[in-house]
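Before any comments, here is the structure.
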Amino acid sequence: MTPEQRRAIFDRVVDRWAQRGFQFETSPIFRASVDDWIEGRISIQDLKQRYSEFLRTQSYRASGLPPTATEF
C-alpha cells in the first residue's frame with residue numbers, strides 16, 4: 001500500500017467521524033504515529049498498539065496517578 005493510499009484511508013476515517021459529530025484524535029503525539037503509519041514506517045498493528053498506550057497514558061494523566069509504563 002502506498003503512502004497516498006494510507007493517507008486517503010485516514011482522511012476517510014476522519015471524515016466519517018466528523019459526519020457523525022465526533023472529532024478524531026487531534027493530539028500531535030498520536031498524529032505523529034499516524035504519519036509513521038502513512039509513510040510505512042510502522043504497521044497498522046503498531047499504530048493500534050501506540051494508540052492503546054497513548055490512551056492509557058491519557059487516562060493516567062487524567063487520574064493524577066503516575067504512569068506505570070513509558071509515557072507515550
Side-chain angles (χ1 to χ4, degrees):
M1 186 179 305
T2 68
E4 292 78 18
Q5 290 169 315
R6 287 187 193 98
R7 172 63 65 192
I9 290 168
F10 177 73
D11 290 344
R12 280 194 306 270
V13 168
V14 171
D15 289 344
R16 284 184 197 145
W17 278 65
Q19 290 171 1
R20 293 178 176 118
F22 297 101
Q23 182 177 2
F24 196 81
E25 182 61 61
T26 59
S27 163
I29 295 170
F30 177 67
R31 289 296 180 105
S33 292
V34 171
D35 288 339
D36 284 344
W37 173 71
I38 289 170
E39 293 300 320
R41 292 186 289 265
I42 64 171
S43 69
I44 193 67
Q45 292 82 12
D46 292 335
L47 179 60
K48 290 176 184 178
Q49 179 64 35
R50 287 184 183 188
Y51 188 56
S52 292
E53 291 171 10
F54 172 78
L55 291 176
R56 189 171 35 255
T57 300
Q58 296 307 307
S59 176
Y60 282 121
R61 285 183 183 160
S63 71
L65 297 172
T68 57
T70 304
E71 196 167 313
F72 189 83

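Being a predicted model, the structure only gives us computed values, none of them experimental. Just so it is clear, the values below take in all heavy atoms, side chains as well, and ignore hydrogens, waters and symmetry mates.
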| Residue pair R50, D36: steps toward the salt bridge (Lys or Arg N to Asp or Glu O under 4.0 Å) verdict | CA-CA 11 Å; R50 287 184 183 188; D36 284 344; 2.8 Å; yes
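Under the ring-ring contact (aromatic ring centres under 6.0 Å, His included) criterion, F24 pairs with F10, W17, sequence neighbours left out. Taking Q45 as the reference, S43 meet the side-chain hydrogen bond (donor to acceptor under 3.5 Å, both in side chains) condition, with sequence neighbours excluded. Here L47 pairs with F30, S33, V34, W37, I42, I44 under the side chain to side chain contact (heavy atoms under 4.5 Å, CB included) rule; sequence neighbours left out. Looking at residues two or more places apart in sequence or on another chain, you find no side chain to side chain contact (heavy atoms under 4.5 Å, CB included) involving Q19. Partners of S52 according to the side-chain hydrogen bond (donor to acceptor under 3.5 Å, both in side chains) rule, which considers only residues two or more places apart in sequence or in another chain, do not exist here.
Contacts classified as salt bridge (Lys or Arg N to Asp or Glu O under 4.0 Å) and involving residues 5-21 (residues at least two apart or in different chains) are given here: R7-D35.
In terms of heavy-atom proximity, R31 sits nearest to E25 at NE-O, 2.8 Å.
With a 6.0 Å radius and a threshold of 12 heavy atoms from other residues, nucleotides or ligands, Q23 has its CD atom at or below the threshold.
Of the possible donor and acceptor atoms, one in the side chain of Q5 sits under 3.5 Å from a partner among the backbone N and O of T2.
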